[in-house]
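Please read these numbers as outputs of a predicted model, since none were measured by experiment.
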Amino acid sequence: MTGNSVSPPVRQHVGQARLIRLLQDWAQAEAEPARLDVAERLSGWLGAMDTVTLDGALQSIEAYPGRTRQAGAPLDAAALEQRLHRATLDITAWLTPSVPASAALPPRGQRGQPPAATTADEPEATYPPYYQRYLDLQKRMDQQVGQLRAEMRQALSRGVPAMRQLVALDAVMEQLLTPRAQKLLASVPVFLERRFAYWRNAHQRQVAQDPSAAEPARWRAPGGWVHAFEHDMREMLLAELHLRLRPVLGLVEAARNEHKQHT
């Protein structure tokens, strides 16, 4: 495991993130150069100083004392894959419920339930409830993915020396990237607000041609502007989950490769 063999794949995985592609698609549709800039910053998590820090960490990991060379237990890669699959399904279930964000939800603070957003009978749809909802879901996503990542590291730490080195590297990467990732992901709801305005403006143009489109009941039906925005919000949440799960997917993939080498 060397700095040259690890750093490029890390950059490649981040650069290909689904969230970045989504922001780029929206930017092109809305002529939003600012969102393209966010996508570029998201793809540039590993800057020059970060690379220096990472290379130093890799050298330290490779020079670990003899305990990293002690024989480890075989990894149950299939069990790790199943754990990741179950966790992904669970998070996706509460991240994108079958009812739209505008439908009535349980009161805020009720355990296991997402925060309430606008209700279907409100005469006007505004962004603040969606903003607060997204922030709450981000926080919950961060906690659950973080717990899953720690669980995977603990499992790999019982493996062969190469797996224990990978666990140490992943811990360094998490410490290195988390502050910047949190700062950049905090800007996502702000850009989602521009998507809200995009669909609202499209709705206003539609109303100018068809006054019946102004009826709130039509906003949340398929083809309505609120329905379209809520679809985009769910896509954004799934894209963010995809990005947050990248390190966990990497750990599971490493366990799978290790299992293949010893079977």
Side-chain angles (χ1 to χ4, degrees), residues 1 3-25 38-47 50-51 53-55 57-58 61 75 77 79-96 134 137-157 159 162-163 165-189 191-192 234-259:
M1 182 181 300
N4 291 334
S5 63
V6 174
S7 297
V10 171
R11 285 198 186 90
Q12 182 181 19
H13 286 176
V14 174
Q16 294 174 347
R18 177 177 171 182
L19 178 61
I20 297 172
R21 295 197 304 268
L22 187 62
L23 285 170
Q24 289 174 336
D25 290 344
V38 170
E40 291 172 357
R41 286 187 285 135
L42 279 168
S43 65
W45 277 356
L46 285 178
D50 295 335
T51 303
T53 304
L54 177 58
D55 288 342
L58 287 171
I61 290 168
L75 293 175
L80 296 180
E81 290 178 351
Q82 291 175 3
R83 175 69 185 100
L84 173 60
H85 180 67
R86 290 196 305 270
T88 302
L89 289 178
D90 290 343
I91 296 174
T92 301
W94 56 254
L95 201 60
T96 58
Y134 202 100
L137 290 175
Q138 272 188 322
K139 181 177 180 180
R140 187 175 176 188
M141 192 175 4
D142 181 64
Q143 293 172 344
Q144 300 222 0
V145 173
Q147 292 173 3
L148 180 63
R149 186 174 184 177
E151 183 180 333
M152 292 297 177
R153 281 207 300 250
Q154 184 178 12
L156 266 63
S157 67
M163 292 297 97
Q165 286 184 326
L166 177 61
V167 166
L169 173 60
D170 184 69
V172 171
M173 293 295 294
E174 184 175 23
Q175 182 180 11
L176 184 67
L177 297 179
T178 294
R180 184 178 300 178
Q182 289 178 341
K183 181 178 179 180
L184 290 171
L185 290 174
S187 67
V188 170
F191 286 93
L192 190 64
R234 286 191 291 271
E235 287 296 305
M236 178 65 79
L237 287 165
L238 289 175
E240 184 171 331
L241 174 61
H242 181 263
L243 180 66
R244 290 178 182 271
L245 284 174
R246 285 286 181 125
V248 184
L249 289 168
L251 294 175
V252 173
E253 182 178 357
R256 186 190 307 117
N257 293 337
E258 179 64 26
H259 176 75

Beyond-backbone contact of [X] with [Y], side-chain heavy atoms, under 4.5 angstrom:
{"X": "Leu84", "Y": "Met152", "value": "yes"}
{"X": "Glu253", "Y": "Asn257", "value": "yes"}
{"X": "Arg83", "Y": "Leu148", "value": "yes"}

Nearest heavy atoms of [X] and [Y], plus distance in Å:
{"X": "Ala77", "Y": "Ala255", "answer": "CB-O, 3.7 Å"}
{"X": "Leu80", "Y": "Val252", "answer": "O-CG2, 4.3 Å"}
{"X": "Leu75", "Y": "Gly159", "answer": "CD2-CA, 4.0 Å"}
{"X": "Met141", "Y": "Trp94", "answer": "N-CH2, 3.6 Å"}
{"X": "Val188", "Y": "Glu240", "answer": "CG1-OE1, 4.3 Å"}
{"X": "Asp142", "Y": "Arg244", "answer": "OD1-NH1, 3.1 Å"}

Before you tell me yes or no, could you show the steps for Met236 and Tyr134 under side-chain contact (heavy atoms from CB on, under 4.5 Å), namely the whole-Å CA-CA distance, both residues' side-chain angles and the distance that decides it to 0.1 Å? CA-CA 10 Å; Met236 178 65 79; Tyr134 202 100; 3.0 Å; yes

Side chain to side chain contact (heavy atoms under 4.5 Å, CB included) partners for Gln82, two or more places apart: Arg86

Which residues pass the side chain to side chain contact (heavy atoms under 4.5 Å, CB included) test with Pro247, not counting sequence neighbours? Arg149, Asp170

Please confirm whether the backbone N or O of [Y] pairs with a side-chain atom of [X], one donor and one acceptor, at under 3.5 Å?
{"X": "Gln138", "Y": "Leu185", "result": "yes"}
{"X": "Thr178", "Y": "Gln175", "result": "no"}
{"X": "Ser157", "Y": "Gln154", "result": "yes"}

Report the distance from atom [atom1] of [X] to atom [atom2] of [Y], rounding to the nearest 0.5 Å.
{"X": "Thr88", "Y": "Leu245", "atom1": "OG1", "atom2": "CG", "value": "5.0 Å"}
{"X": "Leu249", "Y": "Arg256", "atom1": "CG", "atom2": "CZ", "value": "8.5 Å"}
{"X": "Leu95", "Y": "Leu237", "atom1": "CG", "atom2": "CG", "value": "4.5 Å"}
{"X": "Met173", "Y": "Leu166", "atom1": "CE", "atom2": "CG", "value": "10.5 Å"}

